[in-house]
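Sequential numbering from 1 along the given sequence is applied to the chain's residues. Any value given below was found using the heavy atoms of this structure, including those in side chains, with hydrogens, waters and symmetry copies removed. These numbers were taken from a predicted model, which means no experiment stands behind them.
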Amino acid sequence: MTILGVVSGSGGAGCSTLAAALGVQAAALGGTAVVVDGDPVCGGLQVTTGVEHLPGHRWAELAEVDGVVDGSRLRERLPQADGCAVLSGGRVSSTLTALSPEPVPPTAFDAVLDGLERSCDLVVVDWGRQLRPGQGASLYLLPLTARGIADAQAWLAQFDAEQLAGVVTRSRRGRRKLAEAAAAGLGLPLLGEVVDDRRVAVAERRGGMPGAGRGPLARLARTIVGAVVQAEQARTGRADRVPRGRRRVATGRA
């Protein structure tokens with residue numbers, strides 16, 4: 001019953017990887033979770049999550065949705081990986097027949113997202129650089145490079161920073177002081193650090209979900225899921241089923 005997005009002002013920052021890890025860890029904690037591609041036409045979430053060859057609905061089959069969506073029924077018809085459902089763009093239908101990508105109208109996108117939110121404990125949206133106002137809170141994934149910080153400053157000048165729950169930084173190795181300084185400069189809390197890890201790339205090449213298991217990325221995703229859901233519960237007064245986590249800065253590898 002919480003929507004959590006992942007967004008970045010820089011392309012290739014790893015939004016899909018972090019989104020997948022958040023979804024799979026929410027499922028591992030006992031909740032119902034779905035990871036959604038925020039770009040129904042060009043997004044690459046199905047490749048990152050390794051479901052591109054699995055049957056199930058894609059955005060192309062939902063482009064003509066009109067009205068209220070039964071989120072539970074839809075989730076059952078999506079490709080599943082490590083207990084987490086995945087709604088991606090792409091060209092593969094439930095019958096493994098090629099489909100031509102087509103734009104998904106905002107009304108259909110919103111109806112699907114609303115239906116999933118009502119029926120799932122956590123909906124994680126891989127926004128990439130296409131954040132949409134009013135669609136839950138989001139994490140800003142910040143590459144700790146001069147270009148990444150400059151992109152963040154330019155991106156935040158165009159969007160409402162109040163929609164952002166905090167910053168997750170990404171670098172080749174842990175750089176806590178720089179991460180804290182960069183987050184403070186953007187006026188957002190630092191929620192964690194993602195450090196490059198070749199094991200995640202290997203898992204993706206083998207068709208596995210990023211963040212599954214017990215590695216550093218999994219611990220980071222678990223901590224963020226707990227902190228964000230706890231904050232949402234406090235804001236709305238609801239008690240969702242995803243277990244609460246401690247509020248602390250975590251470090252993961254990706």
| query | Can you list the steps and then say if Leu156 with Leu164 is a side-chain contact (heavy atoms from CB on, under 4.5 Å)? | reply | CA-CA 10 Å; Leu156 287 170; Leu164 298 176; 3.3 Å; yes

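- Counting only heavy atoms from C-beta outward, the side chains of Thr32 and Ser119 never approach each other to under 4.5 Å.
- Contact record, Ala165 with Pro189: O-CG, 3.4 Å, taken as the closest heavy-atom pair.
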Could you tabulate the donor-acceptor pairs under 3.5 Å formed by side-chain atoms of residues 122-132, not counting sequence neighbours?
residue: Asp126; atom: OD1; partner: Gly128; partner atom: N; Å: 3.4
residue: Asp126; atom: OD2; partner: Ser16; partner atom: OG; Å: 2.4
residue: Arg132; atom: NH2; partner: Asp110; partner atom: OD1; Å: 3.1

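- A 4.5 Å side-chain heavy-atom check between Leu62 and Leu87 finds at least one atom pair inside the cut-off.
- Of the possible donor and acceptor atoms, one in the side chain of Arg118 sits under 3.5 Å from a partner among the backbone N and O of Val69.
- Chaining together hydrophobic side chains whose heavy atoms lie under 4.5 Å apart places Val24 alongside Met209.
- Among pairs with a residue in residues 169-219, none fulfils ring pair (Phe, Tyr, Trp, His ring centres under 6.0 Å), at least two apart in sequence or across chains.
- Nearest heavy atom pair, residue Leu45 against residue Ser88, reads CB-CB, 4.3 Å.
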| field | Test side-chain contact (heavy atoms from CB on, under 4.5 Å) applied to Thr17 and Leu217, step by step | value | CA-CA 10 Å; Thr17 297; Leu217 181 60; 4.0 Å; yes

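- Contacts classified as salt bridge (Lys or Arg N to Asp or Glu O under 4.0 Å) and involving residues 2-23 (residues at least two apart or in different chains) are not found.
- Applying the salt bridge (Lys or Arg N to Asp or Glu O under 4.0 Å) test to pairs two or more places apart or on separate chains, none has a residue in residues 15-24.
- In this structure the side chain of Gln46 never reaches within 4.5 angstrom of the side chain of Pro79, judged on heavy atoms.
- Put simply, the side chain of Val112 does not reach to within 4.5 Å of the side chain of Val36, judged on heavy atoms.
- A 4.5 Å side-chain heavy-atom check between Val104 and Val65 finds every atom pair outside the cut-off.
- The nearest pair of heavy atoms linking Ala183 to Val167 is CB-CB, 4.2 Å.
- Legend: ring pair (Phe, Tyr, Trp, His ring centres under 6.0 Å) pairs involving residues 158-210, not counting sequence neighbours, sorted by first then second residue: Trp155-Phe159.
- Between Ala20 and Thr49, the shortest heavy-atom distance links the atoms CB-CG2, 3.8 Å.
- Side chain of Gln80 to backbone of Val86: no donor-acceptor contact under 3.5 angstrom is found.
- Residue pairs meeting the salt bridge (Lys or Arg N to Asp or Glu O under 4.0 Å) criterion with at least one partner in residues 31-49, sequence neighbours excluded, are absent.
- Atom CG of Leu78 is separated from atom CZ of Arg73 by 12.5 Å, given to the nearest 0.5 angstrom.
- Residues Leu22 and Leu139 meet the side-chain proximity criterion, which asks for heavy atoms closer than 4.5 Å.
- From Ile224, atom CD1 reaches atom CZ of Arg219 across 13.0 Å, with rounding to the nearest 0.5 Å.
- Atom CZ in Arg77 sits 8.5 Å away from atom CG in Leu74 (nearest 0.5 Å).
- Pairs of residues two or more places apart, or lying in two chains, never qualify as ring pair (Phe, Tyr, Trp, His ring centres under 6.0 Å) while including a residue from residues 23-42.
- Counting only residues at least two apart or in different chains, side-chain hydrogen bond (donor to acceptor under 3.5 Å, both in side chains) contacts with residues 138-149 comprise Arg147-Asp151.
- Scanning for side-chain contact (heavy atoms from CB on, under 4.5 Å) contacts around Ala28 gives Gln25, with sequence neighbours left out.
- Across all non-hydrogen atoms, the minimal contact from Ala221 to Ala21 is CB-O, 3.5 Å.
- Looking only at side-chain heavy atoms (C-beta outward), Leu186 and Leu142 come within less than 4.5 Å of each other.
- Screening residues 25-45 for ring pair (Phe, Tyr, Trp, His ring centres under 6.0 Å) gives no qualifying pairs among residues at least two apart or on separate chains.
- Here the straight-line distance linking atom CZ of Arg176 with atom OG1 of Thr169 works out to 8.0 Å at 0.5 Å rounding.
- The closest donor-acceptor contact from the side chain of Glu61 to the backbone of Arg58 lies under 3.5 Å.
- When all heavy atoms of Gln135 and Ile3 are compared, the pair lying nearest together is O-CG2, 3.5 Å.
- By the side-chain contact (heavy atoms from CB on, under 4.5 Å) test, Ala13 pairs with Ser8, Leu141, Pro143, sequence neighbours left out.
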